[in-house]
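Report on one structure; see the data block that follows.
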Protein chains: 2
Amino acid sequence: MSAVKTPGRRPRSDGQRNRERLLVVAKAAFAAGEIDIALDEVARRAGVGIGTLYRHFSNRDALIEAVYCVELDRLAEAAPALAARHPPVEALRAWMILFVDYIAAKQIIAPALKGLVGGTGALYARSGDVLKAAIDGLVASAVESGDMRVNIEPLDLLRALAGVSNFASGPGWEASAKRLVDILIAGSQAPAP
Amino acid sequence: MSAVKTPGRRPRSDGQRNRERLLVVAKAAFAAGEIDIALDEVARRAGVGIGTLYRHFSNRDALIEAVYCVELDRLAEAAPALAARHPPVEALRAWMILFVDYIAAKQIIAPALKGLVGGTGALYARSGDVLKAAIDGLVASAVESGDMRVNIEPLDLLRALAGVSNFASGPGWEASAKRLVDILIAGSQAPAP
DNA sequence: CATATATACGGAGGGATACTCCGTTTAACA
DNA sequence: TGTTAAACGGAGTATCCCTCCGTATATATG
């Protein structure tokens, strides 16, 4: 009742192996731009049956989240380091740029982000939280230092950025996103005293 | 060769009637949140065959665009009036708020906007142009008046806003979007001399 | 009104996908 | 080595998008 899991038995090795394979294949496919790849195909490439895929990931969203969960955590973890090396506002700017780069690297993401930042679904909950915690911290520091207005909702910034990422298909979207970072930072800064 | 169309014959009345019915039904469905409604179902509700639907709208996107084309035009047309009644920056702010309200009224829209503002497709071309022209004009005025930085790409602002609209599902998204308008405006303004 | 014909209609059907179900196989443990 | 819970695989079901083509009809004309 207290433990997260009651391992009456060690998890089966083939189960873990297949799960891992699926994640690797899916990540590769997504990164290659095959956003809409059929799940049957993912299973085939991983050398497992479609039934196995669905046992590990109850649907497409679950798979996407699992793929990007680790990476999103990594992104969140980068925040403290940036905060230590830069003044608050610049740390925030740097992290937002990192966020854009991250999206650029792993195309798509957008659909995943939709769940993370805005969705009503309980899915993505954990990843969304760590991401929110990261930017919350950065913004809080900036506010404390007096460099940023107090009435900024950190998630708003993330939403705008994630939103732009939905247009990642168009040419020059990345430059567009980085310009937007500057605008958002400038618009969030405290007016000169 | 010069005219847009060579009406060797008057268009058939049943054709126009069915097209209109399809648009009405589709708009109602979209506005009701049935974003992913099957096109077969749209045809059924309109009392026409699926073949008829596809003859009028070559695919889902075409239908969506047709539904929102008129309304987007109306939004674009609102710009001049605002420009006449407000100082440049405030006109821009007002128009962006209007944009948010518009999205709020017609839910979804987001998928349509994706094509409009960012898409690579030639679809949506016309509506996208008028929308772009509207905000271009507003921003240009603000820049001329010296109230706004010169290196603002108007479309960036629209992209951010449209992006946030993708999260229209979450609670409080509208407030979030309006806060974002303020941040974007503030971030785009010229630094105090 | 009758005839001709361009235009539009309807819906069966092809192809693709998401997801389910269940009989079979296998890894873990005693 | 035997038992059993866990995992496997893939055929099957349910939807959807979109195409194709034979049929019906609105418009124009004699």
Side-chain angles (χ1 to χ4, degrees), chain A residues 3-26 29-30 32-67 108 111-112 114-115 119 121 123, chain B residues 3-26 29-30 33-67 108 111-112 114-115 119 121-123:
Chain A
V4 178
K5 246 182 175 178
T6 314
R9 211 167 173 147
R10 207 168 77 222
R12 279 178 56 158
S13 57
D14 56 346
Q16 289 190 300
R17 176 168 40 79
N18 284 337
R19 182 190 168 85
E20 209 54 43
R21 277 189 188 167
L22 285 165
L23 284 175
V24 168
V25 166
F30 291 159
E34 299 176 281
I35 310 175
D36 292 331
I37 189 172
L39 295 191
D40 309 43
E41 175 66 14
V42 173
R44 208 187 54 74
R45 291 188 194 174
V48 305
I50 184 65
T52 297
L53 185 151
Y54 275 96
R55 199 167 330 95
H56 285 296
F57 311 100
S58 58
N59 56 38
R60 184 181 209 85
D61 281 344
L63 176 60
I64 292 176
E65 200 221 344
V67 165
I108 67 112
K114 177 165 181 171
L123 286 166
Chain B
V4 178
K5 246 182 175 179
T6 314
R9 211 165 172 149
R10 208 166 76 224
R12 278 177 57 158
S13 56
D14 55 346
Q16 289 189 301
R17 177 169 39 78
N18 284 337
R19 182 189 168 87
E20 209 53 44
R21 276 188 188 168
L22 285 165
L23 284 174
V24 169
V25 166
F30 292 158
E34 300 177 281
I35 310 175
D36 291 331
I37 188 171
L39 295 190
D40 308 43
E41 175 66 14
V42 173
R44 207 187 54 74
R45 291 188 194 174
V48 305
I50 183 63
T52 297
L53 184 151
Y54 275 96
R55 199 168 332 93
H56 285 295
F57 310 101
S58 58
N59 55 39
R60 184 180 209 85
D61 281 344
L63 176 61
I64 293 176
E65 200 220 345
V67 166
I108 67 110
K114 177 166 180 169
L123 286 166

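Every value quoted in this text rests on a predicted model; they were computed, and no experiment measured them. Chain letters run A, B, ... following the sequence lines, proteins first and then strands; every chain starts at 1.
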**Close residues, residues 13-26 of chain A, relative to DNA chain D [heavy-atom separation under 4.0 Å]** = A:D14, A:G15, A:N18
**Fill in**
5'-most to 3'-most nt of DNA chain C touching chain B (<4.0 Å, heavy-atom partner on protein side) reads C:dT5 to C:dA12
**Request:** Using the test side-chain contact (heavy atoms from CB on, under 4.5 Å), find all partners of B:F57 that sit at least two apart in sequence or belong to another chain.
**Result:** B:R19, B:L22, B:L23, B:A62, B:L63, B:A66
**Message:** Test of understanding: with side-chain hydrogen bond (donor to acceptor under 3.5 Å, both in side chains), list the residues that count as partners of A:D14, not counting sequence neighbours.
**Reply:** A:R12
**5' to 3' contact window, DNA chain D with chain B (heavy-atom distance under 4.0 Å)** = D:dC16 to D:dA28
**Request:** Could you say whether B:A38 or A:H56 is positioned toward the 5' end of DNA chain D, judged by the nucleotide with the nearest heavy atom to each?
**Result:** A:H56
**Prompt:** Minimum heavy-atom separation for B:R60 to B:I35, with atom names?
**Reply:** NH2-O, 3.0 Å
Residues 49-56 of chain A side chain polar contacts: donor-acceptor under 3.5 Å, at least two apart:
{"unit_1": "A:H56", "atom_1": "NE2", "unit_2": "A:G15", "atom_2": "O", "d": "3.4"}

**Asked** Which ones in residues 40-50 of chain B lie close to DNA chain D, meaning a heavy atom under 4.0 Å from one of its atoms?
**Response** B:D40, B:I50
**Request:** Check side-chain contact (heavy atoms from CB on, under 4.5 Å) between A:R45 and all other residues, then give those that pass, not counting sequence neighbours.
**Result:** A:V25, A:A29, A:E34, A:I37, A:E41
**Closest-nucleotide ordering on DNA chain C, the 5'-leading residue of A:D36 and B:R12** = B:R12
